[in-house]
Amino acid sequence: MTTLVHGSDTLTRDALTVLQPGFEGTTAPDWLLRRIGEGLSSVGLFGRNIAGPEQLAALTAQLRAERDDVLVAIDEEGGDVTRLEVTQGSSFPGNYALGHVDDVELTRAVARELGRRLVQCGVDLNWAPSADVNSNAENPVIGVRSFGPDPDLVARHTVAYVDGLQGVGVAACTKHFPGHGDTNVDSHDALPRIDVDLATLHARELVPFRAAVAAGTKAVMSAHILLSALDPHRPATLSPQILTGLLRQELGFEGLIVTDGMEMQAVAATYGIERGSVLAIAAGADAICVGGGLCDEDTVLRLRDALVHAVRTGELPEERLADAAARVRALAAWTQAHRARGAGSVPGAAVQEGTAPGADIGLVAARRALKVTRGERPHTPMTSAPYVASFTPVVNFAVGDETPWGIAAELERLLPGTETGSYDEPSVDAVLAAAGERRIVAVVRDAHRHPWMTEALDGLLAARPDTVVVEMGLDEAEPRGALHIATHGAARVCGRAAAEAVVGTGA
C-alpha cells in the first residue's frame, strides 16, 4: 500500500482523529498505541477485546497512558447485545423488556448502573441506546433492541437511558438515525430501504431522536438505510440532506455524529470503505466507526489516506474535516472532565453483579418484564429436572453467536440434572425421544418470524400438552402451552427470571 502522507501535520492528525477503529486482542497492539500518539482520538471495543472487568480496566489504562483524552467506545446495549458480558450473557435486560415495563425511572436506573460499570472499566462512549421504533415485527436486526413499536414510548425511554448513562459520565450515542425500525433487511448484509412519506417519518421514526437531541445526547449514530422521501440516492450515513439538513439544521443537534460500521455491506458493497468514509464526512458525519469486522492497522491507514487525499484533491473541504475533528475532541474533553471529577467509581474496581447498591437492578427489571400466561390445562410448578428444547434461529450480526441465551443454565441451577438440546429444524420426534419422561420446556425466539418454530411447537403441544413455552424474542405470537412466559429479551438475566417462574420461585 502506498502511504500518501507522513508525520503529524494538522491534516493527517485530523484524518486520524475522526476514525473510531477496532483491533484484535485483549491488550493494545503496538500499532494502535503508535497511531494514538500520532493523533488517533478514539478506539472501539468489541467482545473479542474483553476477558473480564479487571482486564478491561487495564486495557483502557494502557490506552490512556499513551494519551489521556482518548475516547474509548463500546457497543454495550445490555440485553441481547453485550460486550462486557459477551461470553456469559448480560446482567441487564434489553430495551424491549424495559419498554414493556414502561417505568422510565427503572430504565434510568438500569442505564445508570450499566454506565457505572463502564466507568469502572474506563469506557466513556457507549454506542447506545437504540432509539429505533420497531414498527415492523419482521425486522431481523432491531427487534428486542428497540423499546417497542410506539414512538412516544420509545422517546421517553430513550431520554431516560441517555440521562442514566450521561449522569455518570458516559457519553450516549443514540442510534440508528433516522430510524432502522421499519426494515426487513439487516444492514450488515445489504442496504435496507424505507419507502414511507415524510409525514410518517416525522410522526414515527424521528420522534425519539428529537427527544434525545432535546435531552442532550452527546452523540448520534447514523444508519445505513435508504429513506427515499429524504434522499432517494444515498443511505443516511452518506446523505447531506439527512445528516446536515435534517439532523444538524432541522433538529438542531450540535454533538458528535458517528457512522454505523463502515464495513457493513449496506455501504461497503456499493461504495467501499474508503469512498464511503469520505462521503460520510462530507455529508456531515464526524466520526467513522470501523472495526467490527476490519480491525487492523492497514484499515486505519487506508481510511486516513483516503480522507487526506480527498481534501488535497478538493473532494472534501478541509474545513469540514477540521470541524469533524473538533467535535471529536470536544466530546473527548467532556468525558475527560468527568473522569477528572471522579464521576462514577474508580477504574479497576470489581464490577460483578451484586457489588454495589443498585447492582441487582437488572434482575429486578427482568422479573418485572415477565409476562406469564396460563393455559387451559392446569400448570404445576416444576420440582424435578426438565428437558429444555431450545429452537435456535440464526442470530443477527449485532448480537453475535458467542453470547449464550436461553434458560437451561438457570434451570440447572434451580433443578440440578436439567438437560437441554438445541434445534434449528422441526424435530418433534427427536425432542420427545431426548426428553423421555421429563417435562419439556420449549424455548423460542421470535416464533412469529419462523414457521418452522410454529410447526415444532404444534407437534410438541399435541404430544405433550404440559409443555411450557418460553418466548425470548418479540412477544407477537399467541400464547400457548400449559404455561407461556414472555421474557421480552434473551439476556442471561431474562433467563434467570423465566427459570424462577417455571419452578414457581419468582420474586
Side-chain angles (χ1 to χ4, degrees), residues 79-80 89 93-94 96-97 100-101 144 363-393 404-423 426-428 430-432 434-450 452-507:
D80 289 24
Y96 186 49
H100 174 71
V101 177
V144 297
L363 180 57
V364 170
R367 286 169 174 162
R368 289 183 63 186
L370 288 188
K371 176 184 173 184
V372 180
T373 306
R374 298 185 180 277
E376 295 180 1
R377 183 185 180 92
H379 168 76
T380 56
M382 291 188 184
T383 57
S384 59
Y387 182 77
V388 179
S390 295
F391 295 103
T392 307
W405 70 283
I407 72 168
E410 296 298 333
L411 273 176
E412 166 66 23
R413 183 176 60 84
L414 297 174
L415 298 174
T418 294
E419 295 184 3
T420 187
S422 182
Y423 304 87
S427 187
V428 174
V431 174
L432 293 174
E437 297 301 313
R438 295 167 180 258
R439 287 186 66 183
I440 297 172
V441 179
V443 184
V444 296
R445 200 166 175 174
D446 289 348
H448 70 284
R449 291 202 302 118
H450 303 287
W452 66 268
M453 285 187 194
T454 301
E455 182 181 337
L457 287 178
D458 287 342
L460 273 183
L461 292 170
R464 299 283 292 272
D466 63 346
T467 294
V468 171
V469 178
V470 180
E471 170 61 81
M472 304 195 80
L474 292 183
D475 183 26
E476 292 286 330
E478 284 296 317
R480 52 194 182 141
L483 191 70
H484 184 277
I485 302 170
T487 61
H488 302 94
R492 171 176 56 86
V493 72
C494 297
R496 178 173 172 182
E500 292 173 346
V502 169
V503 302
T505 64

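Nothing here was measured: the structure is a model prediction, and the numbers come from that model. Index from 1, following the sequence.
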Exercise. From R464 CZ over to E437 CD, what is the distance, rounded to the nearest 0.5 angstrom?
Worked result: 7.0 Å
For this session: Identify the heavy atoms of T420 and S390 that sit nearest to each other, and give their distance.
Result: OG1-OG, 4.1 Å
Exercise. Considering the options L483, L414, L415, which one meets the side-chain contact (heavy atoms from CB on, under 4.5 Å) requirement together with M382?
Worked result: L415
Exercise. Taking all atoms of both residues into account, what is the closest heavy-atom pair of G489 and C494, and its distance?
Worked result: O-CB, 3.4 Å
Exercise. Tell me, do V388 and R438 make a side-chain contact under 4.5 Å, heavy atoms counted?
Worked result: no
Seminar exercise, completed: Looking only at heavy atoms, the pair that brings V469 and G481 closest together is CG2-CA, 4.2 Å
Exercise. Any side-chain heavy-atom pair from E476 and R449 closer than 4.5 angstrom?
Worked result: no
Exercise. Side chains of E478 and H484: closer than 4.5 Å at any heavy-atom pair?
Worked result: no
Problem set entry | Pairwise distance NE2(H100) to NZ(K371) - rounded to 0.5 angstrom | 7.0 Å
Problem set entry | Side-chain touch T487/W405, heavy atoms, less than 4.5 angstrom | no
Exercise. Roughly how far, to the nearest 0.5 Å, is CG of L432 from OH of Y387?
Worked result: 10.0 Å
For this session: Find out whether H488 and P93 are in side-chain contact, i.e. whether some heavy atom of one side chain is under 4.5 Å from a heavy atom of the other.
Result: no
Exercise. CZ/R368 to CG/L370 distance, rounded to the nearest 0.5 angstrom?
Worked result: 12.0 Å
For this session: For residues Y96 and D80, determine if any side-chain heavy atom of one lies less than 4.5 Å from a side-chain heavy atom of the other.
Result: no
For this session: Search all heavy atoms of S422 against all heavy atoms of T392 and return the closest pair with its distance.
Result: OG-OG1, 2.8 Å
Exercise. Between D446 and E471, what is the shortest heavy-atom contact and its length?
Worked result: N-OE2, 2.8 Å
For this session: Locate the shortest heavy-atom distance separating P386 from L411; write the atom from each residue and the value.
Result: CG-CD1, 4.1 Å
For this session: List the steps and the verdict of side chain to side chain contact (heavy atoms under 4.5 Å, CB included) for M472 and V144.
Result: CA-CA 9 Å; M472 304 195 80; V144 297; over 6 Å; no
Exercise. Do the non-hydrogen side-chain atoms of D466 and T380 ever get within less than 4.5 Å of each other?
Worked result: no
Seminar exercise, completed: Value for NE2 (H448) from CE (M453), rounded to nearest 0.5 Å, stands at 10.0 Å
Exercise. Could you state the interatomic distance from CG (L457) to CZ (R480), rounded to the nearest 0.5 Å?
Worked result: 4.5 Å
Exercise. Is the shortest heavy-atom distance from the side chain of V502 to the side chain of E410 under 4.5 Å?
Worked result: no
